[in-house]
Amino acid sequence: MTKKKVVSSKKSKHEHSSHSHPDHTGHLKQLSRVRGQVDGIEKMIQEGRYCIDIINQLKAISAGVKVIESSIFEAHLKSCVQDAFASDDSENIQRKINEINKLVYGSKSKG
């Protein structure tokens with residue numbers, strides 16, 4: 001996966017070291033497809049379509065979002081987390097571990 005240096009004047013709620021982050025622009029087409037599916041469901045509801053047909057479309061959206069989520073998470077592990085561990089910066093490593101714990105186990109996880 002191609003890495004791209006992210007430069008932003010906005011501070012995110014997560015502090016990031018100045019390493020290259022993966023380029024996620026390849027997911028824009030998938031997100032556009034999901035957006036189209038959401039629009040389609042809105043139309044189905046307005047037309048009073050059968051519940052099961054609407055639910056099937058919702059499941060398709062959910063599956064599509066999961067594919068995008070999984071891909072971005074994998075890229076995060078291969079780039080951001082790997083870079084943190086390679087840096088031997090114990091604070092940065094712990095930050096990445098805490099991020100993943102919160103992501104996997106929710107906000108009630110310690111860290």
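In this text the structure is predicted, and so the values were computed from the model without any measurement.
- A distance of 5.0 Å separates NE2 of H76 from NZ of K96, quoted to the nearest 0.5 Å.
- Between the side chains of D53 and Q57, not a single donor N or O lies within less than 3.5 Å of an accepting N or O.
- By the rule that hydrophobic residues join a cluster once side-chain heavy atoms approach within less than 4.5 Å of another member, Y105 and L77 end up as members of one cluster.
- Closest non-hydrogen pair, P22 versus A75, comes out as CG-O, 3.7 Å.
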Full working for side-chain contact (heavy atoms from CB on, under 4.5 Å) between D83 and N92: CA-CA 10 Å; D83 287 352; N92 193 22; over 6 Å; no
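- Here the rule is side-chain contact (heavy atoms from CB on, under 4.5 Å) with I68, and of H24, R33, Q30 only Q30 fits it.
- When every heavy atom of I61 is checked against every heavy atom of Q37, the shortest pair comes out as CG1-CB, 3.5 Å.
- Surrounding CD of E91 are at most 12 heavy atoms belonging to other residues, nucleotides or ligands under 6.0 Å away.
- Residues Y50 and I55 fall within the same hydrophobic cluster, defined by Ile, Leu, Val, Met, Phe, Trp and Tyr side chains chained together at heavy-atom separations under 4.5 Å.
- Using a cut-off of 4.0 Å between Lys/Arg side-chain N and Asp/Glu carboxylate O, E99 and K102 are scored as not salt-bridged.
- Residue M44 comes nearest to I54 through the heavy atom pair CE-N, 3.7 Å, listed as atom of the first residue, atom of the second, then distance.
- Under the 4.5 Å side-chain heavy-atom criterion for Ile, Leu, Val, Met, Phe, Trp and Tyr, I41 and V65 are members of the same hydrophobic cluster.
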Residue pair F85, I97: steps toward the side-chain contact (heavy atoms from CB on, under 4.5 Å) verdict: CA-CA 10 Å; F85 276 82; I97 291 170; 4.1 Å; yes
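- Taken from CG in L31 to CZ in R35, the straight-line distance is 6.5 Å, to the nearest 0.5 Å.
- Both V104 and I93 are assigned to one and the same hydrophobic cluster, defined by single-linkage of ILVMFWY side chains at heavy-atom distances under 4.5 Å.
- The CD1 atom of I45 sits 9.5 Å away from atom SG of C51, with the distance rounded to the nearest 0.5 Å.
- Proximity of a side-chain donor or acceptor of S87 to a complementary backbone N or O of A84 within less than 3.5 Å is detected.
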S79 vs H21, side-chain contact (heavy atoms from CB on, under 4.5 Å): CA-CA, chis, key distance, verdict: CA-CA 7 Å; S79 177; H21 293 279; 5.6 Å; no
